[in-house]
Number of protein chains: 4
Amino acid sequence: MGSTPQARRGDTRQRIQDVALELFGEQGYEKTSLREIAERLEVTKAALYYHFKTKEDILISIFQDLARPLDELLDWGRGQPRTLETKQELVRRYSLALENALPLFRFMQQNQAAMSHLRPGETLKDRMLAMSDLLRDPEAPLTDQVRGLSALFVMHTAQFAMQHLEADPEEKRKAILEVALDLLAQANAREKPGASEAPDAPNIPDTPDAR
Amino acid sequence: MGSTPQARRGDTRQRIQDVALELFGEQGYEKTSLREIAERLEVTKAALYYHFKTKEDILISIFQDLARPLDELLDWGRGQPRTLETKQELVRRYSLALENALPLFRFMQQNQAAMSHLRPGETLKDRMLAMSDLLRDPEAPLTDQVRGLSALFVMHTAQFAMQHLEADPEEKRKAILEVALDLLAQANAREKPGASEAPDAPNIPDTPDAR
Amino acid sequence: MGSTPQARRGDTRQRIQDVALELFGEQGYEKTSLREIAERLEVTKAALYYHFKTKEDILISIFQDLARPLDELLDWGRGQPRTLETKQELVRRYSLALENALPLFRFMQQNQAAMSHLRPGETLKDRMLAMSDLLRDPEAPLTDQVRGLSALFVMHTAQFAMQHLEADPEEKRKAILEVALDLLAQANAREKPGASEAPDAPNIPDTPDAR
Amino acid sequence: MGSTPQARRGDTRQRIQDVALELFGEQGYEKTSLREIAERLEVTKAALYYHFKTKEDILISIFQDLARPLDELLDWGRGQPRTLETKQELVRRYSLALENALPLFRFMQQNQAAMSHLRPGETLKDRMLAMSDLLRDPEAPLTDQVRGLSALFVMHTAQFAMQHLEADPEEKRKAILEVALDLLAQANAREKPGASEAPDAPNIPDTPDAR
DNA sequence: TATGAATGAGCTTTCATTCAT
DNA sequence: TATGAATGAAAGCTCATTCAT
């Protein structure tokens with residue numbers, strides 16, 4: 001429906017991933033049966049097995065596609081100097097990445113359990129920890145490390161928690177990003193004398209143009 | 001082994017919940033079979049049905065037990081004036097609650113999907129949103145609302161993200177709490193002129209006894 | 001049909017084995033589906049899984065039951081002196097065992113492939129080789145070793161090859177046994193000088209009551 | 001590897017048979033899937049269907065190739081007088097045939113079940129019975145008939161049973177052949193007085209009362 | 001307060017086979 | 001002389017659930 005059989009030729013693999021992404025995101029991996037996926041695509045279960053070796057294979061292939069932008073961001077981050085500017089840029093890019101990756105993150109959250117026994121290094125958790133390692137300074141006081149981490153996680157959870165708030169999505173994203181950058185600045189206030197030198201300047205800069 | 005058959009008398013219901021909590025937390029609700037639970041308890045599957053009507057019943061019963069402290073905290077919060085102090089106290093108590101509720105929160109996170117179709121008002125998400133409504137001021141600028149929410153969520157995610165950091169757990173908890181209270185203070189800086197206007201009063205109180 | 005549900009209580013496991021033995025023997029293990037077995041028993045497939053963990057488990061359990069008499073014979077043989085008399089007795093007992101074990105040997109022959117990857121020591125082949133080691137003298141000339149082995153195998157193959165001969169089964173068995181004992185005697189003729197050197201002493205003892 | 005794509009031109013049919021022979025011999029017909037065969041040949045399953053109409057067709061084609069030498073031997077035997085000499089020659093030729101036909105006999109043994117429902121006259125069993133009819137004299141006493149049959153079957157089973165014996169294969173074959181010829185001679189002792197009455201009577205006495 | 005025995009529905013996966021290209 | 005893409009049927013197996021005892 002909506003696409004003729006002819007139009008489907010050659011894109012079945014992609015269509016399987018799309019439908020699976022959607023269903024795994026809605027119901028979770030375990031609850032979603034291959035029958036369900038096949039029916040929605042109007043193909044047989046066996047057709048799925050022409051394109052993927054196992055059900056888990058579908059999961060993995062989706063995950064890898066979704067994780068690629070994140071991996072690229074991590075690679076970029078690792079190649080940069082560990083300055084505040086780098087961190088800010090990481091957070092900004094991450095925020096943008098999140099914007100149109102919401103479905104995947106729904107998918108991830110729903111399927112943590114299913115993916116936790118994949119090969120190490122293959123999970124979202126690994127990526128998140130790698131990311132937070134770029135944002136946090138192991139020498140800094142614990143509170144500042146927490147702020148570094150939080151800059152990252154706030155972007156996830158806030159986006160989620162504000163879903164039901166009726167405000168312009170872009171407004172929301174910017175507000176969240178501002179808070180994240182704020183946390184980052186606070187986390188680095190002490191080690192950046194140039195920024196914190198104003199005698200009574202609060203360790204929270206007013207970030208007038210945070211974006 | 002570890003508990004004699006005699007010792008088991010009469011506490012089977014509790015033992016089922018304990019084992020289920022553990023397995024649901026590790027593998028997720030869908031992936032955990034009643035056979036597995038029964039085997040670990042060295043009883044038959046049929047025995048589980050003496051104590052619970054369905055598998056979902058086990059899930060619900062666990063959830064309700066775990067949610068009770070949170071519900072009490074919410075009730076308390078709703079009865080208090082909507083002041084910064086109340087919010088701070090909410091966050092402090094929540095932090096303490098989290099401390100020994102980690103297994104359950106693992107359980108919740110793993111099983112969001114499984115519980116999302118329970119009766120509305122029965123989910124963790126509902127509780128979290130209720131909680132964040134107590135911490136956020138709908139009149140305030142978006143950024144400050146984000147800070148309010150974040151005070152709450154930071155406690156979850158940071159605790160999780162710092163799991164692999166080898167530092168005293170209590171130290172970690174305090175550092176996280178401090179950041180959470182910080183966010184709360186910043187969120188309320190503008191609407192609490194009395195607190196933030198003092199020229200040298202940092203908007204981050206030093207919370208010397210934050211605990 | 002033929003047995004009421006009540007009468008079946010408690011003997012399902014045995015009935016599964018019986019039917020499986022029959023079908024595995026007729027069609028082979030791979031070709032026989034659990035559905036087929038279940039249908040013939042008028043139970044569901046799931047019922048089979050209450051009694052056996054896997055399909056292979058059914059195969060193994062049948063095999064072990066069938067192999068027991070053979071194992072006992074082997075044990076007996078190992079405890080006896082390695083004399084001609086012992087060997088003759090082994091062959092005689094083996095012949096008797098074969099008599100009412102024909103269905104199982106059909107089963108074995110049909111399912112060699114299916115059982116060849118069982119745990120070593122678990123196969124019929126292992127038993128046969130152990131048996132032939134009791135009948136063969138590694139010091140003897142090759143031809144005599146062949147005769148020793150053949151005494152054993154002749155009993156299998158001849159019984160099979162004469163199936164379509166219309167003669168009294170007991171007559172056939174005795175004829176086959178006689179040939180087997182013959183081979184045995186010939187195999188041991190040289191190493192039993194006392195028995196074979198007497199000018200007119202036949203190297204085939206008169207075993208008057210061979211049965 | 002081992003054969004370049006060029007070298008493969010035009011011999012695909014043969015290569016399919018070779019691989020199938022090997023896999024059917026190792027795992028049995030039912031357990032071997034067309035996918036497995038195709039993968040090993042690095043072609044697609046569909047390619048198999050260009051060369052053979054069905055899976056069973058592959059089985060049959062292999063069988064027919066393998067059975068041809070046997071059929072020729074049978075034809076030759078049927079054209080000869082039913083003398084001891086003929087029988088001896090049959091056995092000698094059969095022994096030689098077996099020598100480099102071991103893989104096929106493995107194949108046959110593994111796949112008796114699979115082939116038992118082929119058109120009658122198409123099975124190995126049929127050939128074996130035809131062969132044994134040439135070696136056995138229906139008028140002779142049962143014991144002698146058994147000896148006739150055994151001359152044939154001994155060659156199969158002994159070869160198999162001596163696989164793990166570390167001796168020169170040719171030595172083994174000769175020893176087995178000798179025993180087979182021996183059995184044949186004994187089987188025909190009575191009806192061929194000229195052959196057995198010679199003064200230097202063989203070590204096979206006429207076993208007058210063996211029963 | 002449990003167990004033994006079973007069921008019906010559904011699961012993931014594999015199979016031999018087909019056919020347009 | 002093949003391949004890519006698919007199918008219909010069936011396989012082995014697991015699951016939550018039931019019920020007489």
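Letters go in sequence order (proteins before strands), and every chain restarts at 1. This structure is a prediction, so every number in the text was calculated from the model and none was measured.
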*Would you tell me if any nitrogen or oxygen in the side chain of C/Tyr50 comes within less than 4.0 Å of OP1 or OP2 on E/dA6?*
no

*Is any side-chain N or O of D/Thr12 closer than 4.0 Å to OP1 or OP2 of F/dA2?*
yes

*Side chain to side chain, B/Ser61 and B/Gln17, heavy atoms closer than 4.5 Å*: yes

*C/Lys45 versus C/Glu39: any side-chain heavy-atom pair under 4.5 Å?*
no

*Report the relative orientation of the aromatic rings in C/Phe24 and C/Tyr29; use parallel for angles under 30°, tilted for 30 to 60°, perpendicular for over 60°.*
perpendicular

*How does DNA chain F read in dot-bracket, base by base from 5' to 3', with Watson-Crick or G-U pairs under 3.5 Å and | used when the partner is on another strand?*
.||||||||||||||||||||

*asked:* How would you summarise protein contacts on nucleotides 14-19 of chain E per nucleotide, using B for base, S for sugar-phosphate only and - for none, with heavy-atom distances below 4.0 Å?
replied: BBBBBB

_Using 0.5 Å steps for rounding, measure from the CG atom of B/Asp57 to the CG atom of B/Leu48._
12.0 Å

*Return the value, rounded to whole Å, for the distance between atom CD of A/Glu39 and atom C1' of E/dC11.*
13 Å

*asked:* Nearest whole Å is fine: how far is F/dG12 P from C/Phe52 CZ?
replied: 15 Å

*asked:* Please list, in numerical order, the residues of residues 18-28 of chain C that have a heavy atom closer than 4.0 Å to any atom of DNA chain F.
replied: none

_Carboxylate-amine/guanidinium contact D/Glu36 D/Arg40, below 4.0 Å_ = no

